[in-house]
Trainee: 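Here it is, the structure in full.
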Amino acid sequence: MEITVPHAWPSTPQEAEAIQNALRGQVDASGSVTPRTVAGLDVSYAGDGGGVHARVAAAAVVLDAGTLDVVEESVAVGTSDFPYVPGLFAFRELPTLIEALRGLSTTPDLLVCDGYGLAHPRRFGLACHLGIITGLPAIGVAKTAFVGTHEQPGARRGDGSPLLLDGAEVGRVLRTQDGVKPVFVSVGHRVGLDEACRLALALAPRYRLPETTRRADRLSRDRLAAS
DNA sequence: GCGACAG
DNA sequence: ATCTTGTCGC
């Protein structure tokens, strides 16, 4: 698919924050989607992934939203030239993720990102970046807590509790399987939170994480090991 | 002031 | 994220 990045790549944390502050107003946190295809995105790192020039592999795996069968896969290898800073995480993975998306011959109807969207210090996490850059509906499904407060959701699949930040619900702590640790769902772009949770649940019929994320994780890891 | 902190 | 043994459970 074609992608044009609407800004320069930052070389300092200050520039990165300025980009997020400038783009945050463009997020559309409403809407519903009935995707035919869904792309899962993930990045793997070689060695101590904390380094600034670590080798990385980014994967984009497109699944049929109904059957969860793989429709297309794309991987890109590169380096992460921006350090890992909580809140600026997107700048570390975006360049390679975008290359992976460009490698797709089809345009997916939804992006499922490994991380946060609006549940972010400046309300503009990785899922928002990818949503705005591509113009596509996007959601974030994170594995661990980052910002906000929340109560423990019920123990059953589908149970959830609001993720609150400054009195606003910026995401939801969602149980995707009975008795397993919940995931953190937040809006990236052009999808409401209820819809984002519904989609995340539908994409995780058997395991804790969405099939999209699991597929992208495995593909990026394998590709990195083979390079 | 001191920690905590998506991947 | 990645580095890692053994262990519990389906």
Side-chain angles (χ1 to χ4, degrees), chain A residues 13 16-17 19-20 23-24 27 40-61 75-100 111-131 138-150 155 157 163-166 170-174 176-189 193 196 200 205-210 212-227:
Chain A
E17 290 183 12
I19 290 171
Q20 293 183 332
L23 294 178
R24 58 183 293 182
V27 172
L41 305 168
D42 193 28
V43 177
S44 291
Y45 295 75
D48 183 352
V52 176
H53 290 141
R55 277 189 330 116
V56 301
V61 179
V75 203
V77 293
T79 56
S80 60
D81 297 320
F82 200 90
Y84 170 67
V85 179
L88 300 179
F89 166 64
F91 295 99
R92 188 165 171 70
E93 301 201 333
L94 273 177
T96 319
L97 279 174
I98 289 170
E99 282 312 303
L111 302 180
V112 178
C113 309
D114 193 19
Y116 285 90
L118 291 177
H120 175 277
R122 278 169 300 282
R123 304 293 211 282
F124 205 82
L126 175 65
C128 296
H129 276 277
L130 283 163
I139 68 174
V141 180
K143 299 181 287 296
T144 63
F146 180 33
V147 293
T149 60
H150 65 87
R157 166 178 161 87
L163 180 58
L164 301 172
L165 184 59
D166 297 324
V170 295
R172 199 164 292 154
V173 185
L174 179 68
T176 54
Q177 298 297 329
D178 292 356
V180 304
K181 190 170 174 267
V183 297
F184 299 77
V185 178
S186 57
V187 169
H189 190 44
L193 183 55
R206 167 106 206 262
Y207 299 102
R208 177 190 177 225
L209 296 178
T212 38
T213 301
R214 301 183 72 245
R215 291 279 188 176
D217 177 74
R218 197 203 305 178
L219 178 57
S220 63
R221 196 178 315 242
D222 290 350
R223 181 66 178 78
L224 192 61
S227 64

Trainee: Assess whether side chain to side chain contact (heavy atoms under 4.5 Å, CB included) is satisfied between A/Lys143 and A/Leu209, documenting all intermediate values.
Mentor: CA-CA 8 Å; A/Lys143 299 181 287 296; A/Leu209 296 178; 3.7 Å; yes
Trainee: For DNA chain C, please output the secondary structure as dot-bracket, reading 5' to 3'. Pairs are Watson-Crick or G-U wobble, both atom distances under 3.5 Å; mark crossing pairs with [ ], other-strand partners with |, unpaired with a dot.
Mentor: ..........
Trainee: Using the rule given for side chain to side chain contact (heavy atoms under 4.5 Å, CB included), can you reason through A/Leu126 versus A/Leu94, listing the C-alpha separation, both sets of side-chain angles and the distance that settles it, and then say yes or no?
Mentor: CA-CA 8 Å; A/Leu126 175 65; A/Leu94 273 177; 4.0 Å; yes
Trainee: Would A/Arg215 and A/Asp42 count as a side chain to side chain contact (heavy atoms under 4.5 Å, CB included) if you check the C-alpha gap in whole Å, the side-chain angles of each, and the deciding distance to 0.1 Å?
Mentor: CA-CA 9 Å; A/Arg215 291 279 188 176; A/Asp42 193 28; over 6 Å; no
Trainee: What's the separation between atom CD in A/Glu93 and atom CD1 in A/Ile98, rounded to the nearest 0.5 Å?
Mentor: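 Here the rounded value is 11.5 Å.
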Trainee: Indicate the atoms forming the closest heavy-atom contact of A/Ala76 with A/Glu99, along with that distance.
Mentor: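 Smallest heavy-atom distance, with atoms named: CB-CB, 3.6 Å.
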Trainee: What heavy-atom pair brings A/Asp114 and A/Thr213 nearest, and what distance separates the two atoms?
Mentor: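 Smallest interatomic distance, heavy atoms only, reads OD1-CG2, 4.2 Å.
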Trainee: Do A/Asp217 and A/Arg221 meet the salt-bridge criterion of a basic N to acidic O distance under 4.0 Å?
Mentor: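 Looking at A/Arg221 and A/Asp217, the cut-off is met.
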Trainee: Is it true that a side-chain atom of A/His120 and a backbone atom of A/Gly87 form a donor plus acceptor pair closer than 3.5 Å?
Mentor: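 Side chain of A/His120 to backbone of A/Gly87: a pair is present.
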Trainee: Between which nucleotides of DNA chain C, read 5' to 3', does contact with chain A run, using atoms under 4.0 Å from its heavy atoms?
Mentor: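 From 5' to 3', the first and last contacting nucleotides are C/dA1 to C/dT2.
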Trainee: Quick check for you: to the nearest 0.5 Å, what is the distance between A/Cys113 atom SG and A/Leu130 atom CG?
Mentor: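 The SG atom of A/Cys113 sits 4.5 Å away from the CG atom of A/Leu130.
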Trainee: With a 4.0 Å cut-off on heavy atoms, is A/Arg221 in touch with a base, just the backbone sugar-phosphate, or nothing at all?
Mentor: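 Contact class for A/Arg221: sugar-phosphate only.
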Trainee: Scan nucleotides 1-7 of chain B nucleotide by nucleotide, 5' to 3', and note B when protein non-hydrogen atoms come under 4.0 Å of the base, S if they reach only the sugar-phosphate, - if neither.
Mentor: ----BBB
Trainee: Please verify the inter-ring angle class for A/Tyr116 with A/Phe184; under 30° counts as parallel, over 60° as perpendicular, anything in between as tilted.
Mentor: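 Tilted: the ring planes of A/Tyr116 and A/Phe184 meet at 30° to 60°.
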